[in-house]
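Let me begin by presenting the structure, written as structure tokens, before commenting on it.
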Amino acid sequence: MGSLMKIYNAMLWAYGPQGWWPIVSLEKGKSEYGVDAPRDEADVFEICTGAILTQNTAWKNVEKALLNLKVSGSLDPKKISGIRVDKLSAMIRPAGYFNQKAKKLKLFSEFYIGLNGKAPSREELLSVWGIGPETADSILLYAYRKPFFVVDAYTRRIFAYLGLVKEDSSYDDIQKLFMDNLKHDERVFNEYHALIVDHAKRHYQKRPYGQGCFLRKVIG
DNA sequence: AACCAGGACGTGA
DNA sequence: TCACGTCATGGT
């Protein structure tokens, strides 16, 4: 078995299925895991919105912004495209970069409406201002269940520590490593990225990175 | 009180 | 191409 699959199995054994992408629960006032696939159109759009709001931002803060949007009935492409930017930015304030993200959400909403319910291509997503490679892949993988591997800062940090990628590798280089060495199964890509985030939160947040990380001995 | 958080874009060289 | 600055709230 390849190293990447060994690492995947080790994390899955250690932490269990992560149930991504989390969806905000109005009752609990926070996001809940365990909804493995978007149940309806509203879930799809919420995942896209969350993917934009979580850019360089702790999920905890994104939950607050998503809840503000949801309780006011604004978590909808037509609502967001119709609302005033200053009102929108006020609602998503807890997620940081609120002026930029308000603009991004409006532009994405227009784009989303134009899709008429069909899935966007990666190139189409990347052509939207505010959607970079990670956000595009997150949307494709978690909202549309397409097999695109999501690379984030944690992925680079962990796999550089393990010596499997260079510290300065590009997004595309790292994504290629995973997609060249794993079966293109969206369920595995889904779980793998979620496990990376969980593992990184446990062992790769404060320096020195990698304290208590057990993955190096898994590779063998 | 720095540092980090499930990044992306604009700029100048 | 690419290094660097900017965007911003909130938790540790």
Side-chain angles (χ1 to χ4, degrees), chain A residues 8 11 15 17-24 29-33 35-36 38 46-69 85-86 88-108 111 122-143 148-161 165-175 178 186 189-212:
Chain A
Y8 172 80
M11 292 195 294
Y15 309 133
Q18 301 296 300
W20 277 39
W21 184 280
I23 296 293
V24 169
K30 61 185 187 65
S31 61
E32 286 193 302
Y33 297 79
V35 181
D36 292 316
E46 177 172 338
I47 293 168
C48 296
T49 304
I52 292 170
L53 289 176
T54 198
Q55 290 171 357
N56 201 37
T57 299
W59 183 254
K60 189 81 172 185
N61 296 336
V62 177
E63 284 183 332
K64 298 172 186 171
L66 283 174
L67 187 62
N68 286 341
L69 292 172
V85 265
D86 59 319
L88 179 58
S89 61
M91 287 198 283
I92 65 172
R93 189 173 197 280
Y97 308 107
F98 49 80
N99 289 316
Q100 288 205 8
K101 284 176 179 174
K103 180 180 173 186
K104 291 178 182 181
L105 289 183
K106 277 193 154 292
L107 289 171
F108 179 77
F111 168 77
R122 190 171 195 265
E123 291 68 32
E124 287 172 332
L125 284 167
L126 291 174
S127 74
V128 180
W129 187 87
I131 309 291
E134 184 185 339
T135 307
D137 290 331
S138 294
I139 289 172
L140 289 166
L141 179 61
Y142 291 105
F148 289 87
F149 199 91
V150 176
V151 177
D152 66 347
Y154 288 145
T155 312
R156 175 178 286 99
R157 194 175 297 169
I158 293 173
F159 288 85
Y161 177 86
V165 303
K166 286 177 288 186
E167 193 74 54
D168 60 344
S169 299
S170 69
Y171 184 97
D172 292 338
D173 285 345
I174 299 176
Q175 184 183 48
F178 284 90
E186 57 92 4
F189 286 5
N190 175 324
E191 198 64 51
Y192 209 144
H193 174 67
L195 287 165
I196 284 171
V197 172
D198 191 0
H199 184 68
K201 283 178 175 172
R202 298 167 186 264
H203 303 294
Y204 287 84
Q205 284 214 330
K206 56 178 187 296
R207 295 171 186 272
Y209 296 139
Q211 293 303 306

Whether A:T57 contacts B:dG6 is assessed here as follows: a side-chain N or O lying under 4.0 Å from the phosphate OP1 or OP2. Is that the case? no
Can you check whether A:Q18's main-chain N or O pairs, donor with acceptor, with A:E191's side chain at less than 3.5 Å? yes
Rounded to the nearest 0.5 Å, what's the gap from CD1 on A:I131 to CD1 on A:I52? Could you check? 3.5 Å
Side chain of A:W59 - closest among C:dT9, B:dG7, B:dG6: B:dG6
Given B:dA5, B:dG7, B:dC4, identify the nucleotide with an atom nearest to the side chain of A:Q55. B:dG7
Closest to side chain of A:P94, choosing from C:dG10, B:dA8, B:dG6: C:dG10
In whole Å, what is the span from the NE2 atom of A:H199 to the C1' atom of B:dA5? 18 Å
What nucleic acid atoms does A:Q100 come within less than 4.0 Å of, heavy atoms only: base, sugar-phosphate, or nothing? base
Just to be sure I understand the rule, does A:R156 reach a base, reach only the sugar-phosphate, or reach nothing, if contact means heavy atoms closer than 4.0 Å? nothing
What is the distance, rounded to the nearest whole Å, between atom OH of A:Y171 and atom C1' of B:dG6? 11 Å
Does the side chain of A:D86 pick up a donor-acceptor pair with the side chain of A:S89 at under 3.5 Å? no
Mind checking A:A153 for me? I need base, sugar-phosphate or nothing, with any heavy atom below 4.0 Å counting as a touch. sugar-phosphate
Closest listed nucleotide, where the reference is the side chain of A:R157 and the choices are B:dA8, C:dG10, B:dC4: B:dC4
Among B:dC9, B:dC4, B:dG6, find the nucleotide with the atom closest to the side chain of A:A58. B:dG6
C1'-based separation of C:dA3 from B:dA5 [nearest Å]: 22 Å
Could you tell me how far apart A:D168 (CG) and C:dT1 (C1') are, to the nearest whole angstrom? 14 Å
For A:Y33, report the nucleic acid contact type (base, sugar-phosphate, nothing); a contact means any heavy atom under 4.0 Å. base
Same-atom distance (C1') from C:dG11 to B:dA8, integer angstrom: 23 Å
Rounded to whole Å, the CG-P distance (A:L53 to C:dC7) equals 19 Å
State which of C:dG10, B:dA5, B:dG6 makes the closest approach to the side chain of A:N56. B:dA5
Have a look at A:Y209 and say if it touches a base, only the backbone sugar-phosphate, or nothing, with a 4.0 Å heavy-atom cut-off. sugar-phosphate
Using whole Å, what does the distance between atom P of nucleotide B:dA8 and atom CG of A:L126 come to? 9 Å
Rounded to the nearest 0.5 Å, what separation is found between the CZ atom of A:F149 and the CG atom of A:L141? 9.0 Å
Nearest nucleotide by nearest heavy atom, which residue falls closer to the 5' end of DNA chain B, A:A51 or A:I131? A:A51
Measure the acute angle between the ring planes of A:F178 and A:F159, then classify it against the limits of 30° and 60° as parallel, tilted or perpendicular. perpendicular
Please check this pair: side chain of A:R122 against backbone of A:A136, looking for a donor-acceptor N/O pair closer than 3.5 Å. no
Pi-cation contact, A:Y209 with A:R157 (under 6.0 Å, within 45°): yes
Under 3.5 Å, N/O pairs linking protein and nucleotides 11-13 of chain B:
none

Looking only at the side chain of A:N61 (C-beta and beyond, no hydrogens), which of the listed nucleotides B:dC9, B:dG6, C:dT9 gets closest? C:dT9
Can you tell me if A:H203 uses its side chain to pair, donor with acceptor, with the backbone of A:G210 under 3.5 Å? no
Kindly compute the distance separating CZ (A:R93) from NZ (A:K101), expressed to the nearest 0.5 Å. 13.0 Å
Would you indicate, yes or no, if B:dG6 has its OP1 or OP2 atom less than 4.0 angstrom from a side-chain nitrogen or oxygen of A:W20? no
Provide, to the nearest angstrom, the distance between the CD1 atom belonging to A:I52 and the P atom belonging to B:dC9. 10 Å
Would you classify A:K101 as touching base, sugar-phosphate or nothing, given that sugar-phosphate means primed atoms plus P, OP1 and OP2, and contacts are heavy atoms under 4.0 Å? nothing
Write down the distance between OH (A:Y204) and P (B:dG6), rounded to a whole number of angstrom. 16 Å
Reckon A:R207 has a side-chain N or O less than 4.0 Å from the OP1 or OP2 of B:dA2? no
Looking only at atom P, what distance separates C:dA8 and B:dT11, rounded to whole Å? 16 Å
If you measure from the ring centre of A:W21 to the centre of the six-membered ring in the base of B:dG6, is it under 5.5 Å, with the planes under 30° apart? no
Between C1' of B:dC4 and OH of A:Y154, the distance in whole Å: 8 Å
Only one of A:N56, A:I139, A:V150 clears side-chain contact (heavy atoms from CB on, under 4.5 Å) with A:E134; which? A:V150
Closest to side chain of A:Y97, choosing from B:dA8, C:dA8, B:dA5: C:dA8
When the P atoms of B:dG6 and C:dC7 are considered, how many whole Å apart are they? 22 Å
Identify, between A:G132 and A:K206, the residue whose nearest nucleotide on DNA chain B lies closer to the 5' end. A:K206
